[in-house]
**Student:** 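Attaching a single structure in C-alpha cells format; questions to follow.
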Amino acid sequence: MQLQLLEYFQCIAKLGNFTKAAQELHIAQPALSKQMARLEAEIGAELFIRTGRGIKLTEAGNRLLFHCERILADWKIAARSIQDLGLSGRGFVRLAMYPTFVWYMLPHFLPEFVRNNDSIDLEIEQGLNEPILDWVLGHHMEAGIVTAPVHHPQLREQPLHVEEFGLLVPADHPWSGRDCVPLVELHQQPLILSTLNRWYESFILPLFKQLAIQPQVRLVVHQYDVIKELVRGNLGVSLVPVNAYRMWKKTETGIGNELAIVPIDPPLQRQLLWIERQDRTRSLACQRFLDYMIAYLNAAQS
C-alpha cells in the first residue's frame, strides 16, 4: 500500500467531502474516487458512507483513520531520523512550548543556537499544557515544555526551569524599592491577573485563601505585555514572571524608571518540565537543542 493512499484518505476524512479533498490535494475528483476504491479493495471493507452533504466514515473507516494518523506520523519520524544520521546533512525538530517560555526565555538563546547549528531546522509552536500533551502523545511534536505536574504514564519528564514570579508595580508605588512584599499586603489591593484558569484555581487561589487574602481583582488580561501597560498606567499591580521583566528591561530603554519588580513572600514559583514520549528515541538534532538549552539555563541561574 502506498502512503499516498493513506494521505488521500486522511484528507477526505478531515474534510468530509470528496470534492473539497480533491481541490486541496490538487487531483481530479474521479481520480481520487478511483484511488479510494483501490484502498477499499486492499483493506477489504467499505470506508465511506455517502450522504447528501458529503461522506461519513464507516466503523472500518474510523478504525483505519486512527491507525492512519499513527502510520503517517511514524513515517515522518522515520524520515527525520534518517536525516539525523547525516544521510541528508540536515536535522529537523518540532517542539511545543509553554507561552511564557517562548516569550521570555527562548529569545535569549535561540538566535545563537541557530547561528551555531545551521544544519538543524526548527519548528516551534506555543500552547498550554493540554494541547502540548496531545501534540507530543500524537507524535505531532517531538517534545514539549509544560508546567508541572503532568504524571502521564506514556510521557518521560525532565525538570527544566523554575519560573519565579514577582510583583510588578509602578516605580513611584510605595512598594517599589522594598526588599520583599509579604503577599498578605495584597489584601484589598487592586490586582491585575493574567488568568483565571486551572493554574490560578489550583495554585494562586489556594495560596490567597491560606493567607486570608482577598485582592480587588480589577482586570484579567491573558497577555503580560498588556498587563505591563496597565500597571504602567497605575491601574493596579500584578504578579508576573521575573523573566518577563528582565526581557522588558533588555528591550525597552528606561523601563526601570517606570516599573519595578519586587520579590514576594512566600515565593510564587512554577516548575517547567521537558516532556517526550517514553517509547520515542530522541533525535540527534533534538538532543543537541536540549543540551544547548540546558547549558544556557544553568548558566543563567548561576
**Student:** Under the side chain to side chain donor-acceptor pair (under 3.5 Å) criterion, do Asn129 and Thr147 qualify, and how do the steps go?
**Tutor:** CA-CA 7 Å; Asn129 274 26; Thr147 59; 3.2 Å; yes

**Student:** Is Arg270 salt-bridged to Glu164, cutoff N-O under 4.0 Å?
**Tutor:** no

**Student:** At what distance, to the nearest 0.5 angstrom, does CZ of Phe113 lie from CZ of Phe289?
**Tutor:** 6.0 Å

**Student:** Applying side chain to side chain donor-acceptor pair (under 3.5 Å), run through Asn243 and His161 and close with a yes or a no.
**Tutor:** CA-CA 11 Å; Asn243 289 329; His161 175 69; 3.1 Å; yes

**Student:** Report yes if the distance between the aromatic ring centroids of Phe48 and Phe9 is under 6.0 Å, otherwise no.
**Tutor:** yes

**Student:** Measure from the ring center of Tyr104 to the ring center of Tyr245 and say whether it is less than 6.0 Å.
**Tutor:** no

**Student:** Does the side chain of Thr19 come under 3.5 Å of the side chain of Gln29 through a donor N or O and an acceptor N or O?
**Tutor:** yes

**Student:** Considering only heavy atoms from C-beta outward, does the side chain of Pro267 approach that of Asp265 to under 4.5 Å?
**Tutor:** yes

**Student:** Show the nearest heavy-atom pair for residues Ile275 and Ile132, with the distance to one decimal.
**Tutor:** CD1-CG2, 4.3 Å

**Student:** Between the side chain of His187 and the main-chain N/O of Gln214, is any donor-acceptor distance below 3.5 Å?
**Tutor:** yes

**Student:** Closest approach of Arg280 and Arg156, non-hydrogen atoms and distance?
**Tutor:** O-NH2, 3.4 Å

**Student:** Determine the minimum heavy-atom distance between Val93 and Ser283, stating which atoms define it.
**Tutor:** CG2-OG, 4.5 Å

**Student:** Verify whether one side chain among Asn234 and His173 offers a donor that lies under 3.5 Å from an acceptor in the other.
**Tutor:** no

**Student:** Is Leu168 close to Tyr224 at the side-chain level, that is, under 4.5 Å between some pair of heavy atoms?
**Tutor:** no

**Student:** Please report the closest heavy-atom contact between Asn62 and Leu57, naming both atoms and the distance.
**Tutor:** OD1-CD1, 3.5 Å

**Student:** Kindly work out whether a path of hydrophobic side-chain contacts (I/L/V/M/F/W/Y, heavy atoms less than 4.5 Å apart) joins Leu290 to Val150.
**Tutor:** no

**Student:** If every non-hydrogen atom of His140 is compared with every non-hydrogen atom of Arg94, which pair is closest and at what distance?
**Tutor:** O-NH1, 2.8 Å

**Student:** Flag the pair Lys20 and Glu24 as a salt bridge only when some basic side-chain nitrogen lies within less than 4.0 angstrom of an acidic carboxylate oxygen.
**Tutor:** no

**Student:** Side chains of Leu193 and Leu219, heavy atoms from C-beta outward: is any pair under 4.5 Å?
**Tutor:** no

**Student:** From Leu6 CG over to Leu65 CG, what is the distance, rounded to the nearest 0.5 angstrom?
**Tutor:** 10.0 Å

**Student:** In terms of side-chain geometry, is the basic nitrogen of Glu252 or Arg232 positioned less than 4.0 Å from the acidic oxygen of its partner?
**Tutor:** yes

**Student:** Distance from Leu95 atom CG to Met97 atom CE, nearest 0.5 Å?
**Tutor:** 5.0 Å

**Student:** Could you report the tightest heavy-atom contact between Ile227 and Val221, atom names first, then the distance?
**Tutor:** CD1-O, 3.5 Å

**Student:** Any side-chain heavy atom of Leu272 sitting closer than 4.5 Å to one from Val146?
**Tutor:** no

